[in-house]
Each structure stands twice: as C-alpha cells, then as structure tokens.
Q: 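Got a structure here, written out as structure tokens. Questions coming.
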2 protein chains.
Amino acid sequence: MATIDDVAKAAGVSASTVSYVLSGKRPISPRTRERVERTIRDLGYRPHAGARALASSRSNVIALMVPFRPGINVQIIMQFVAGVVSAARAHDHDVLLLTQDDSSGVDRVASSSMADAIIVMDIEAEDERLPALRSLKQPSVLIGVPSDPSGLSCVDLDFTAAGRLAVRTLTDAGHRRLALIGASQERFDRRANYAVRMRAGATEEAELRGADCAVLPCEPNFAGGTAALERVLDEMPGVTGLVVHNELALPGVMSALERRGVRVPEDISVVAIGAADTGTALARELTGIDVPGEDIGRVAVEMVMAQLDGEALSSTRLVSPDVTPRGSVAAPAV
Amino acid sequence: MATIDDVAKAAGVSASTVSYVLSGKRPISPRTRERVERTIRDLGYRPHAGARALASSRSNVIALMVPFRPGINVQIIMQFVAGVVSAARAHDHDVLLLTQDDSSGVDRVASSSMADAIIVMDIEAEDERLPALRSLKQPSVLIGVPSDPSGLSCVDLDFTAAGRLAVRTLTDAGHRRLALIGASQERFDRRANYAVRMRAGATEEAELRGADCAVLPCEPNFAGGTAALERVLDEMPGVTGLVVHNELALPGVMSALERRGVRVPEDISVVAIGAADTGTALARELTGIDVPGEDIGRVAVEMVMAQLDGEALSSTRLVSPDVTPRGSVAAPAV
DNA sequence: ATGAAAGCGCTAACAA
DNA sequence: TTGTTAGCGCTTTCAT
C-alpha cells in the first residue's frame, strides 16, 4: 500500500501538502493540487485509517447499537440502519455495528476511540445504558425517548401526534367508537415511550372529538392479533374504527377480520401504524402512518454531525407523522 | 483517556511490559502481571484502536457488506448479521457495516486498512464485486455461491440438498404430484445460485422418487403467492404436495389456500423453506427447512479467522439442511 | 523476565 | 503557498 510519503515523493511535494490537499484545510495552488491529485489516483493511495485516527483523534466512524431481541420489528430496524448508513456515508463516515447484548460495547468503542459518536436504537423508558451514555466523552444520539432524556439527544417519531392523527383520521370519517390494538402488555409495563405516548395521543384526541377509544394491548405475533380482534368484535360490538399499532400482530388482525366476514372499510375502517412496507405480508394495503425509518436514521446522523461540529446542545427531535390513504378508511355504515 | 505510558508509569514498569501483558506474547512474572492488570483496571485503560492498528497492521475489525435492496428477506438478513456479529465478538473483533450500493466500499475499507477481512452477503451468480474481492490483500468470505467461486471462500446452505430434502419429505409421506413455488423469475434469470440449485435438487429428487414436480417462479410478495397458488389449483389439479421457497410470498399462498377452502395438511401438504421465524406472519406454523442464518454467519466468521491465522485455502462450505416437522405434511387423501 | 527505542502513517503547529 | 517537524499511542525488535 502506498503511503502519504510515497505520494509526496512522486508528486515532488511534502507530505503535509498531500495531507492538506486531501483535507482542504489550507489553500493549495491549482498546479500543486492537480499534480498531487493525479499522483494519488495513479498510486491508488488511501490514507491509513488508523494512522489518521491516531494523529487527528477522529476515526470517521460512528457506532450504531442495534437490537436483536425477538419480537422486534425487523423491518423497521433495517430501515433505521439503512438511513443511518447512507447518511453517515454522505458525511464521509463509516458505521460500526454494535449489538444490544454486547453490554460493554459502548464503553469499549468509546474508550478505544474506535468511533467518534454513538447512535443507540430501541431505547427503553428506564434504559440501563443511559448512565454509560451520559458519561461518554463522545456525543451520542438515542433513537427513542427515555423517561428522562436530560443531557442526551434523542430522535423519534412523534408518537403522540401519530396517535392523534390516527384517531383523527377515523373521527373525521365519522367514526365514534374506536379500538386501538397496541403494543404488548410487557411494553406498556416497561413504559416503552412509543407505546405509552401513542396511546396517550390516541385517547386524548378521541376525547377531544367526543369519541370512544378502547385500548387493547396485544402480543406481537399472529395469534396476538387474532385474539385482540376477537375481543373487539365480541366485547365491543359498536366499534367501527380500528387503529393497529403492532406490525407483527397485523397479519393476525387482518386474517381474523376476513374469517369473521368483516369487510374493510365497509364494516370496519382500519388505520395501521408501522414500517412502510408492512403491507407486503398482507392481502391488501392499509391506510396508515408509515414510520419513516430511513428519515429518522438520517436525522440521527445529522444530530451526531452537529454535535461533532460543536454545534447543538442535547435536544429531542420528534419527527411529524403523516397519514397515507390506501383505501381502508371510509365513513361508518349507518 | 489513559495511555499505555500512564499505565506503565503507574505500575512502575515499561510500556512494552504493559503491551506484553495485554497480548500475552511473552512470559510475564506473576507479580508484574498482577500489578499491571490492577493498574489497567484502576485507570480504566483501553488501548487506542487506531494506534494499535497502525503499529500492528491489524484493526480487529471485519467488514460486513449487507444488501438493502427491496424484495429481500429482511428476516434472514438480520439472522446472518446477528451470527456474524456475535461470532466476531467471540474472536475479539468488531463489525463494520457496508451496504451493497456503496460500490467502492470494499476498496475503501480494504485499502485504508479499516478492516482485516470482508464478509459479503447476497452473492449473485455473476457478481460484480468478485473481481474486487479477488484482488484484495485481505481475506474475504462470501455468503452465497457465485457461478465461479475459484479463488474465493464461500458459505451457504446446501440448497441442492434442501431441494431434495423438501421433496423427499413429501414423497416419503406418499405424495407423487408436487409443485414448487420458488423464487421470482428475475432471480432465475440472473441464475441466482440458491434458486437454481434448490430447483435442481427438487426436480432431481422428484425424478428419483418417481414423482412429478412442477416449478412455478413467483414474485416475492403477497399477490405473487396467491397468484402462484391459484395456478397450482386451477392448472394442476392433481397436486397434493407443495414446496414453498419464497418467504415473502408465503402469506399469500397460505391465505389463498384458506380462501379456496383447501385444508392443510388434509388436502395439500406444505413444506416451507426460509427463515426460522417466517411463521410469525402466518396463522399456523409449517413443516419446513429453516435456513440457519445465525449458523451460516458464524461459519463465515470462522472461515475468516482461519484465513487470518494463515490456515485455510479458499473453499466452499455448504451447510446441511434439516427439516423441522410442524404438522403441515400428511399422507395424501385417497 | 524486563526495558529502551525505533518505527507504523498520518495531522497540525510552526516556520519560511 | 509550501516545507519541516514533533508528536499521536501502540507493537516489536534488539538488548540486557
């Protein structure tokens, strides 16, 4: 591998000049720049990442901690990751993959200077990793909002607004008796922010609109979905609008609807909240609020970069939800 | 951050001794070792990754190139990744995430010495990345087998055997008229190894057992699945055994079966090939061949490590498939 | 069993 | 506008 000295020699300049051509941190005459750039290309020169990191104390790597626990929505995870990686590349950074269960990962990566910053996904209300993150010298960004986000930067979908929007979509169509099939009881028990805020937004908005919104926690799988739907049909006969905030249960819900002969949207209107392409496992697409995974990942990277550039205090950014009509909402039958 | 000199000073030894305590590359007296280790713990010392990489020309990082194109089975991707990451950690390595569309990723990572080796997923028959990989100084391992694997190391499920096994599972139960709902036409056209070999194994085994096996390419989505199943029912009335090798189409297939009133396994037996937890989007679990994503990822890392240790030539390792009975196969009706 | 010292390849003062 | 030089923190030979 060619080194910076090889390039310098071949181009007839000093090593620092090559370095400055690459970094743009000081003016270079057009002639020199041209010559150096040609040499770099000819030799196929690439700075040694380690040497650069050592000298500049910047690795140009950001670490990303991804959850791999079961019952998680892999679809959306991949979207986040894709967003993070592509945004990072756009800022000339690479991404180091950490997993949730690698408990010492944050410390290791931080204190060995492998990464300049850390993005952590799937944050719980009382996340165990928060203390470690707070005491880091590197900046970090959380995807998800803990109950105490002080001193930390967070991004997430605005789930309160999403709850409101989902309900409003139904009440605007004329529905007054709604049911929310939401996250699992376990998620609510652990006060998972997204589950709790979604529910809060939905119930508040329902109240505001003079509507009724029952909430059913639901296991994140097919059987959970069918079970929840059975309960709605059997115990809440007046319900004409359904909000489903549980991608893994959604196939179960839809299948049960069909089996019970309930038509969508003629008999029941459905609004889904989840990854954009959840519909692929379904017979039909649903009107819904697509969690913009890629966008959120992108924003996380922007926040990281801002912090690395010395701008930006810790703050929480909530991305506004949008509803995409796909024909599963209509006026209730009279 | 504490440096190796800080540790050396505090422990009253030289920096090289600290280094050797850490690497175990030369004998250290128990007393010294003890003292140094205590100091390391007290100071929370961690070697600077860049400095280490610079001095040793080893980054302890392996790069993993992950596909993000649509129509891919995210489930299985995540399993591979999980397997790779955990195996890498077991070998004291971290994982750098590269994406398919980052075309220069391989070169960048290799020639900047960011990674000691590269694992590439989702290999096509005539993969464009092969030349770059062949000319690398770092070792690489492909997940998937190209049409010409010479000079490269590959791991994959043995799809030929999987095809055979799926068919044999059905013929052993007494079925003689089978249909294989496989990958999309586009995959076959590009001669994707897994699709082609799976089909070959299935048809060979069918012939061997005196059975008949129709092959239907199928779009990787719900509609594709229903369409393929409709064709089976309408154009191949004698079929009693179904092999589905297309996870994204599987929900469509199962839903269409139910809608047409075809019972599983009473009327038709079904064998599925795919990610272990594909069943979560389905009403019922299916007898099937679970692609052992984590295992394959793990094997890829083992192969990488072997190459880094100077053992191991390039070779292809095919992991043997197993069938897991889940009650969707029975003897055909008489 | 341990230490001293020479790099590894780069960046960023400091000089000119 | 460019060059010289002193590290960055570690590994590893060479000495002892």
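Treat the numbers as computed from the prediction; the structure is a model and nothing was measured.
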Q: Please pick, from C/dA1, C/dA4, D/dT11, the nucleotide with the shortest atom-to-atom distance to any side-chain atom of B/R52.
A: D/dT11

Q: Within this structure, what is the NZ-to-P distance between A/K9 and C/dG9, rounded to whole angstrom?
A: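 Result: 12 Å.
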
Q: Calculate the interatomic distance between A/D6 atom CG and C/dC8 atom C1'; express it in whole Å.
A: 13 Å

Q: What nucleotide among D/dG9, C/dA12, C/dC10 has an atom nearest to a side-chain atom of B/A55?
A: D/dG9

Q: To the nearest 0.5 Å, how far apart are CZ in B/R134 and CZ in B/R129?
A: 13.0 Å

Q: In whole Å, I'd like the distance from the CE atom of B/M1 to the C1' atom of D/dC10.
A: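 Nearest whole value for this atom pair: 16 Å.
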
Q: Between B/K25 and D/dT11, does any side-chain N or O lie under 4.0 Å from OP1 or OP2?
A: no

Q: Base, sugar-phosphate or nothing for A/T32? Non-hydrogen atoms, less than 4.0 Å.
A: sugar-phosphate

Q: What nucleic acid atoms does A/S23 come within less than 4.0 Å of, heavy atoms only: base, sugar-phosphate, or nothing?
A: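 Touches nothing.
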
Q: Should the heavy atoms of other residues, nucleotides or ligands under 6.0 Å from CZ of B/R317 be counted, would the total exceed 12?
A: no

Q: Measure the distance from CG on A/D5 to P on C/dT11 and round it to the nearest whole Å.
A: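 For the pair A/D5 CG and C/dT11 P, the rounded distance is 11 Å.
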
Q: Tell me the interatomic distance from B/E34, atom CD, to C/dA1, atom P, rounded to whole angstroms.
A: 17 Å

Q: Rounded off to whole Å, could you give me the CG-to-C1' distance for the B/L54 and C/dG9 pair?
A: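 One finds 5 Å between C1' of C/dG9 and CG of B/L54, rounded.
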
Q: Could you check how far CZ of A/R35 sits from P of D/dG3, rounded to whole Å?
A: 8 Å

Q: Can you tell me if A/S14 touches the phosphate of D/dG3, counting only side-chain N or O atoms and a distance under 4.0 Å to OP1 or OP2?
A: yes

Q: Record whether the side chain of A/R26 comes under 3.5 Å of the base of D/dT1 through a donor-acceptor pair of N or O atoms.
A: no

Q: Any N or O donor-acceptor pair linking the side chain of A/Y20 to the base of C/dA12 at under 3.5 Å?
A: yes

Q: Looking only at atom types and distance, does a side-chain atom of A/N193 sit under 3.5 Å from a main-chain N or O of A/E124, one as donor and one as acceptor?
A: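 Checking the backbone N and O of A/E124 against the side chain of A/N193, no donor-acceptor pair under 3.5 Å is found.
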
Q: Of all the choices, C/dC10, D/dT2, D/dC10, which nucleotide is nearest to the side chain of B/I4 once you look at every atom?
A: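 It is D/dC10.
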
Q: So for A/S16 and D/dT2, does any side-chain atom that can act as donor or acceptor lie under 3.5 Å from a complementary atom in the base?
A: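 Answer is no: no donor-acceptor pair is held.
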
Q: Using a 4.0 Å heavy-atom cut-off, does B/S29 contact any base of the nucleic acid, only the sugar-phosphate backbone, or nothing at all?
A: sugar-phosphate

Q: Do the side chain of A/Q138 and the main chain of A/A110 share a donor and acceptor less than 3.5 angstrom apart?
A: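 Yes; at least one donor-acceptor contact below 3.5 Å.
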
Q: In whole angstrom, what separates B/Y45's OH from D/dT11's C1'?
A: 10 Å

Q: Tell me whether the OP1 or OP2 atom of C/dC10 has a side-chain N or O from A/S19 closer than 4.0 Å.
A: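 The answer is no; no side-chain N or O of A/S19 sits under 4.0 Å from OP1 or OP2.
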
Q: Got a second to check how far A/M65's CE is from A/L133's CG, nearest 0.5 Å?
A: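 Here the interatomic distance stands at 8.0 Å.
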
